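Contents: one structure, followed by commentary.
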Amino acid sequence: MTAILVNELVKRYGAFEAVKGVSFEVPAGQIFALLGRNGAGKTTTVEVLAGFQRPDGGSVRVLGLDPVADRAAVRQRTGVMVQEAGFFPDLTVAQTVDTWRDFTSAPRPREEALELAGLKEKAATRVRQLSGGEKRRLDLALALLGRPDVLFLDEPTAGMDPRARVDTWEVVRELARQGTTVLLTTHYLEEAQRLAAAMAIMDEGAVVAAGGMAETLAGLRGRVAFRLPAGVRPDDLPLPVSLDGELAVCRADDPDLAAQTLLTWAAGRGLRLAGLEVRTATLEDLFLDLPRSAR
Ligand SMILES: Nc1ncnc2c1ncn2[C@@H]1O[C@H](COP(=O)(O)OP(=O)(O)OP(=O)(O)O)[C@@H](O)[C@H]1O
């Protein structure tokens with residue numbers, strides 16, 4: 001079943017077209033990442049899906065429903081973690097969760113929501129005293145309260161330390177295992193790669209690349225990087241490289257083979273390839289393959 005359907009979505013702010021005919025689908029239970037640089041239109045797309053904004057063209061469906069026309073039904077079955085949620089700074093974390101529970105039908109127990117979001121120790125802390133990352137955890141706890149079928153996470157781990165980020169990934173994975181559909185936006189490519197089964201990259205309001213994560217990565221070239229030995233010019237090397245500062249970078253379908261070729265060449269000349277790094281493709285490479293304007 002398709003949980004989220006975006007079909008030729010257009011959204012304008014005045015004369016400015018922030019989303020220009022975007023389409024993608026997310027099957028139920030999948031984690032889907034929406035990527036792209038600042039201003040690409042990710043948040044706007046999420047806001048339309050969450051029913052906060054009305055489309056100017058095309059259509060969206062969440063669980064088969066129209067988020068504007070069927071607002072109440074969609075709200076009941078979705079959780080939204082937006083950027084900069086408004087909290088009351090003088091309430092404690094526990095009071096904030098309790099306040100939201102009052103507006104949520106069949107909410108999770110407070111302790112469960114705090115436990116899931118890793119905020120149990122902070123229950124008695126006032127919101128104003130939370131760190132940026134802890135506020136994001138509180139956002140997550142609130143988004144989870146109603147046991148949503150669909151969860152929209154807009155930059156869920158922004159400002160979190162690495163430990164909190166990994167913990168949050170585990171929460172999101174567990175929710176997906178339980179059948180929750182998750183649409184997340186993120187600037188952390190590693191986060192998208194580790195979490196999402198599929199993704200779309202947006203730029204200037206349009207989708208510039210999309211697909212299943214595993215298939216996309218499998219189709220990308222890997223990377224061999226090393227410091228160019230003194231006196232060696234890129235043209236001297238047996239494989240084409242580009243320069244990234246003092247690093248020579250070779251992109252190859254089979255990076256192990258490319259590394260072997262380069263090492264054999266270097267050994268034959270008594271040279272060392274210092275700092276040699278060989279790795280299979282990551283999402284970062286997909287971004288590097290995009291036109292420069294879209295990275
Ligand atoms: N309320 C608004 N009024 C006018 N323009 C807006 C409004 N909200 C967003 N925009 C513009 O629409 C474009 C898309 O913004 P959006 O927030 O959707 O991008 P984004 O991909 O989420 O970016 P970021 O990664 O910075 O969060 C931007 O150029 C932004 O300036």
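All values reported here derive from a predicted model rather than from experimental measurement. Order of listing sets the numbers, starting from 1, for every ligand and every atom in it.
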Q193 vs Y188, test: side chain to side chain donor-acceptor pair (under 3.5 Å). Steps then yes/no.
CA-CA 9 Å; Q193 191 174 328; Y188 301 112; over 6 Å; no
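Tested against H187 for a side-chain contact (heavy atoms from CB on, under 4.5 Å), the candidates N38, T157, L35 yield a single pass: N38. Looking at D139, V93, T99, L130 one by one, the single match for side-chain contact (heavy atoms from CB on, under 4.5 Å) with F87 turns out to be D139.
Taking every heavy atom of N38 and a limit of under 4.0 angstrom, the matching atoms of ligand 1 come to 23 (O), 24 (P), 25 (O), 26 (O). Taking a cut-off of under 4.0 Å to the non-hydrogen atoms of E155, the atoms of ligand 1 that pass are 25 (O), 27 (O). Residue contact check: A18 has heavy atoms under 4.0 Å from atoms 12 (O), 13 (C) of ligand 1. For ligand 1, the atoms closer than 4.0 angstrom to any heavy atom of F16 are 11 (C), 12 (O), 13 (C), 29 (O).
Salt bridge R110/D98: present, at least one basic N to carboxylate O contact under 4.0 Å.
Side chains of T2 and E25: a donor on one and an acceptor on the other come within 3.5 Å.
Panel note: side chain D66, backbone A69; a donor-acceptor pair is recorded below 3.5 Å.
Of the candidates G41, G14, A158, it is G41 that places a heavy atom closest to atom 19 (O) of ligand 1.
Ligand 1 has no N or O atom lying under 3.5 Å from any N or O atom of G36, backbone or side chain.
The shell of residues lying under 4.0 angstrom from ligand 1, judged by heavy atoms, includes H187.
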